[in-house]
Protein chains: 2
Amino acid sequence: MASSSIRDVAARAGVSVGTVSNVLNHPSKVSGPAAERVHAAIRDLGFVRNGAARQLRAGRSSTVGLIVLDVRNPFFTDLARGAEERAAQSGLSVLLGNGDENRDRESTYLDLFEEQGVLGVLISPLGDVTARLERLRARGTAAVLVDRSGDESRFSSVSVDDIAGGRLAVDHLLAQGRRRIAFVGGPFDIRQVADRHRGAELSVGSHPDASLEVVPVPALTVQAGRAAGQSIVRRPAAERPDAVFAANDLIAMGVLQALVMQGGGVRVPGDIALIGYDDIDFASAAVVPLSSVRQPSALIGRTALDILLEEADDPALDARHIVFQPELIVRESTGG
Amino acid sequence: MASSSIRDVAARAGVSVGTVSNVLNHPSKVSGPAAERVHAAIRDLGFVRNGAARQLRAGRSSTVGLIVLDVRNPFFTDLARGAEERAAQSGLSVLLGNGDENRDRESTYLDLFEEQGVLGVLISPLGDVTARLERLRARGTAAVLVDRSGDESRFSSVSVDDIAGGRLAVDHLLAQGRRRIAFVGGPFDIRQVADRHRGAELSVGSHPDASLEVVPVPALTVQAGRAAGQSIVRRPAAERPDAVFAANDLIAMGVLQALVMQGGGVRVPGDIALIGYDDIDFASAAVVPLSSVRQPSALIGRTALDILLEEADDPALDARHIVFQPELIVRESTGG
DNA sequence: CCAGGTCTGTGAACCGTTCCATTCTGTCAT
DNA sequence: ATGACAGAATGGAACGGTTCACAGACCTGG
């Protein structure tokens, strides 16, 4: 209630409102003694700038919004930390919204950020958000797609080549002598999932005696992976794949739990080799250390923020598309 | 640039600005046909409310801020999801700030939320933030401490009894016949760490032949745990503890990696039993499935948000302190 | 036919800041 | 002494909504 405004500060310091504002924003324009008095008044009154008023006048804020697919996926929190780190260097803050693999949530955060007038939006989109982003851009808000190879769009993007990643994973499985590959992943309207699967297809396509099946899951979570793993275990041994490529490490961890712990003695990699994607911190500590495809998560976040800031500065800039290459990490789960 | 204001909408719909505002905020006060025209105008113009202006006038926003200790800790992301879920039910949004076990970051987010005039703040504090929260409250912003048993303070809190949790863990280790317990955790100015350690002390104190040592770590991360684990492995076998209680599962996973994979054949639980804290999703999929102390993370988030909303409604409400009880989860890492 | 009431819709004040044109003060060269 | 000029401080106009007292329009019952 007793929150004081810039007017109160001005009155107490015996200067005008404009001077207080100058102390805060253009200190060089104010003489030493006056600035001193203003600072004292601010301290005494516990004055805090009203961000709403500030932003209303200024037209834009100093925060950027980041919407991730799933905040419980360590890949995204690592990415978020990368972005935050870079933002902090520029005196900006990152507001993290959890899309939760849910279009409504994604849309709600987009609304929120739009209303809040953030400087820019970093988004790892679930569906097609170009229309929404187009509108944002029209109002002067920059947007960069993260973890999405969006060369089709007019928005900059920072991503990892997921097709190459899928290839890398399945080439490795094939090199280990596996032939009946199962891709456990979904939903397929998530671009990363579709791309990783596509990479797997390409790899399998070049081996005439290899086959690829799809075990669909409803979400990229440990729980969903566990369920998929159980469905594999329930099959007669002869009908099981001899290798599983999971769309991400969360799924892979779930599959692993089902195979090794609940499964009737399925051996990994003996009976079924397993490889995940993202190389999260926990992958190497799994019951069978998990092979994976590593993405430079923090670097993606940092890079995306850099691009966002450049575009916020100069909206006329052409869209750029940074694509990082994934890296194969071999551990015991593929019998490396 | 071409962003349209409520005045543009009013002009196009042939009504006054007041009416447009009513359509948006008090639909019952506007007749059908007029509301229709306004909605059409909003659609045509792609009008989006300016949150800053809205909030400036209204004095409060519809977002709550959540500051967590470390966004990479699954415990906190689960908690965040619980809070988000409940917030969504009330048409609110949660902005997630990553304190990153760093006082500056924590403070920066507090500043940000204060300037933004959020409805309330949920915080899992690193240091002593009561002075800051006191000021927030003076300006009409509610605050609830999460994962912190703050009965000493005048702020509501939702937490888990960490002393009981520490007891639970070490009682279990003692029951398994272990006597030389090491507590791996830090920094101790994090209340949860101190409390879990205290619980361990209490437990050990009632067993005359048991001892407790502390292996301090600089942060609650997998990396820090790994380093601590390595330091244990490097000791002569006789000087190693026969059980490790890790301050959280991240630490435990790191210790586990060091002991089992890099260590010279240290067996878990054969040589050293290991128990963590939080029971994150990954704990059960660890190389040796990890015993842990489970906290109802999502429930904590939901409850904290409920309390926050009640206090935001009625600031005169007395502070409440909800304390949940932790639950022991026994898996192989303690030879259960 | 009019007093009184209910609905709709109006218009202007206001929120707290920033920005800018303007005024004031003092210094200095002419 | 005066005009020019720089630096410091001022005052008021935005910014884009929300709110509220009030005005018309329309109905109803006496």
Side-chain angles (χ1 to χ4, degrees), chain A residues 1-39 41-42 45-62 111-112 114-118 139-141, chain B residues 1-39 41-42 45-63 111-112 114-119 139-141:
Chain A
M1 303 292 134
S3 85
S4 46
S5 83
I6 200 173
R7 259 175 274 271
D8 304 323
V9 174
R12 182 171 245 264
V15 297
S16 77
V17 189
T19 301
V20 177
S21 176
N22 279 334
V23 169
L24 261 21
N25 305 301
H26 308 281
S28 67
K29 299 192 149 205
V30 180
S31 72
E36 197 96 343
R37 292 209 312 283
V38 169
H39 277 127
I42 289 179
L45 267 39
F47 166 74
V48 173
R49 268 210 290 264
N50 179 324
R54 178 182 173 69
Q55 186 182 331
L56 171 59
R57 184 62 237 238
R60 67 127 91 80
S61 77
S62 66
D111 285 343
L112 180 68
E114 188 167 3
E115 287 195 6
Q116 297 236 327
V118 296
R139 335 185 90 236
T141 304
Chain B
M1 303 293 132
S3 84
S4 46
S5 82
I6 200 173
R7 264 170 266 272
D8 303 324
V9 174
R12 181 171 244 263
V15 297
S16 76
V17 271
T19 301
V20 176
S21 176
N22 278 334
V23 169
L24 262 20
N25 304 302
H26 309 282
S28 66
K29 300 192 147 205
V30 179
S31 72
E36 197 95 344
R37 292 209 313 282
V38 169
H39 278 125
I42 288 177
L45 265 39
F47 166 75
V48 173
R49 269 210 289 266
N50 181 325
R54 176 182 174 70
Q55 187 182 332
L56 172 58
R57 185 63 238 241
R60 67 126 85 81
S61 77
S62 65
T63 64
D111 285 343
L112 181 68
E114 187 168 3
E115 287 197 6
Q116 297 235 328
V118 296
L119 187 61
R139 335 185 90 234
T141 303

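Lettering follows sequence order; numbering is per chain, from 1.
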If you check every side-chain atom of [X], which of [options] has the closest atom?
| X | options | result |
| --- | --- | --- |
| B:Ser31 | D:dG17, C:dT17, C:dT8 | C:dT8 |
| A:Asn50 | C:dT18, D:dG17, C:dG16 | C:dG16 |
| B:Asn22 | C:dT10, C:dT18, D:dG16 | C:dT10 |

Between B:Leu24 and B:Ser21, is there a side-chain heavy-atom distance shorter than 4.5 Å?
no
Evaluate the side-chain proximity of B:Gln116 to A:Gln116: yes if any heavy-atom separation is below 4.5 Å, no if none is.
yes
Any [X] side-chain N or O less than 4.0 Å from OP1/OP2 of [N]:
| X | N | result |
| --- | --- | --- |
| B:Ser16 | C:dT10 | yes |
| B:Ser5 | D:dC15 | no |
| B:Arg54 | D:dT18 | yes |
| B:Ser21 | D:dT19 | no |
| B:His26 | D:dT19 | yes |
| A:Thr19 | D:dA9 | no |
| B:Asn25 | D:dT18 | yes |

When only distance counts, do a donor and an acceptor, one from the side chain of A:Arg57 and one from the base of C:dT17, lie under 3.5 Å apart?
no
Nearest-nucleotide wise, let me know which of B:Gly32 and B:Ala53 is further upstream toward the 5' end of DNA chain C.
B:Gly32
Taking any heavy-atom pair under 4.0 Å as a contact, classify [X]: base, sugar-phosphate, or nothing.
| X | answer |
| --- | --- |
| A:Arg49 | sugar-phosphate |
| B:Ala52 | nothing |
| A:Val20 | nothing |

Heavy-atom closest pair, residues B:Ala13 and B:Arg37:
O-NE, 3.0 Å
